[in-house]
Amino acid sequence: MSFKERVLAVVARIPAGATMTYKEVAAAAGNPRAYRAVGNILNKNYNPDVPCHRVVRTDGATGGYNRGRARKIGILKKEGAI
DNA sequence: CGTATGACGTGCA
DNA sequence: GTGCACGCCATAC
């Protein structure tokens, strides 16, 4: 299980309506300092089972999304995360 | 093995 | 409050 797999698993565990920061996800994956790699991994990974839109930045910004940030914001708004 | 890349974070001007 | 520069880790080539 590589760090990548762990990150994906952690993100998949995030419940609807909840949001986690890259730092939190990295910490849950086992490396609080690897938040940089977390974003990189999610970017390369287009897994539908991984709701990457629930992962936001520490300062509250939505960050980015493989299908467009606007889409991500819309989903969060719809789920009540916003 | 070494280099390049990236959905980030923090500090300072 | 905004903008710029540096540092950080894992993955891919």
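Numbers restart at 1 for each chain; the letters A, B, ... are given by sequence-line order, proteins then strands.
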S.K.: Taking CD1 from I41(A) and C1' from dG6(B), how many angstroms apart are they, rounded to a whole number?
M.R.: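 Roughly 11 Å, once rounded to whole Å.
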
S.K.: Testing the basics here: between V38(A) and A26(A), what is the closest heavy-atom pair and its distance to 0.1 Å?
M.R.: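 It is CG2-CB, 3.6 Å.
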
S.K.: Using heavy-atom distances to pick each residue's nearest nucleotide on DNA chain B, tell me which of N43(A) and K23(A) is more 5'.
M.R.: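 Here N43(A) is the residue nearer the 5' end.
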
S.K.: Heavy atoms only: give me the nearest C52(A)-N66(A) pair and the separation to one decimal.
M.R.: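 Shortest heavy-atom contact: SG-ND2, 4.2 Å.
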
S.K.: Looking only at heavy atoms, which two atoms of L42(A) and Y22(A) are closest? And how far apart?
M.R.: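 What the structure gives for the nearest pair is CD1-CE2, 4.2 Å.
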
S.K.: What integer distance in Å separates D59(A):CG from dT10(B):P?
M.R.: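 Computing the D59(A):CG to dT10(B):P distance gives 8 Å.
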
S.K.: For the pair made of CG in L42(A) and C1' in dG6(B), what is the distance, rounded to whole Å?
M.R.: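 From L42(A) CG to dG6(B) C1': 11 Å.
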
S.K.: Verify the cluster assignment for L8(A) and I75(A): are they in a single hydrophobic cluster under the rule of side-chain heavy atoms below 4.5 Å apart?
M.R.: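 L8(A) does not cluster with I75(A).
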
S.K.: Measure CG/N45(A) against P/dA10(C) and give the value in whole Å, please.
M.R.: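 Distance check: N45(A) CG to dA10(C) P gives 17 Å.
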
S.K.: How is S2(A) classified with respect to the nucleic acid when contacts are heavy atoms under 4.0 Å: base, sugar-phosphate, or nothing?
M.R.: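 S2(A): backbone/sugar contact only, no base atoms under 4.0 Å.
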
S.K.: What is the separation between atom CG on N40(A) and atom P on dT11(C), rounded to the nearest whole Å?
M.R.: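 Going from CG in N40(A) over to P in dT11(C) covers 9 Å.
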
S.K.: Would you tell me if any nitrogen or oxygen in the side chain of R57(A) comes within less than 4.0 Å of OP1 or OP2 on dG9(B)?
M.R.: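 Checking R57(A) against dG9(B): at least one side-chain N or O falls below 4.0 Å of OP1 or OP2.
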
S.K.: If you look at every strand shown and take non-hydrogen atoms under 4.0 Å, does Y22(A) touch a base, only sugar-phosphate, or nothing?
M.R.: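 Answer is base: heavy atoms of Y22(A) come under 4.0 Å of a base.
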
S.K.: Looking only at heavy atoms, which two atoms of V11(A) and V50(A) are closest? And how far apart?
M.R.: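 Closest approach of V11(A) to V50(A), heavy atoms only: CG1-CG1, 3.3 Å.
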
S.K.: Quick one: E5(A) CD to dT11(C) C1', roughly how many Å, whole number?
M.R.: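 About 12 Å, once rounded to whole Å.
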
S.K.: So if I take every side-chain heavy atom of T58(A) and compare against dA7(B), dA12(C), dG9(B), which nucleotide ends up nearest?
M.R.: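 Nearest to the side-chain atoms of T58(A), counting from C-beta on, is dG9(B).
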
S.K.: State which of dA7(B), dC9(C), dG9(B) makes the closest approach to the side chain of A34(A).
M.R.: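 The answer is dC9(C).
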
S.K.: dG7(C) P sits how many Å from N31(A) CG, rounded?
M.R.: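 So the CG-P distance, N31(A) to dG7(C), works out to 21 Å.
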
S.K.: Whole angstrom is fine here: how far is it from CZ in R33(A) over to C1' in dG6(B)?
M.R.: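 Spelled out: CZ on R33(A) to C1' on dG6(B) is 20 Å.
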
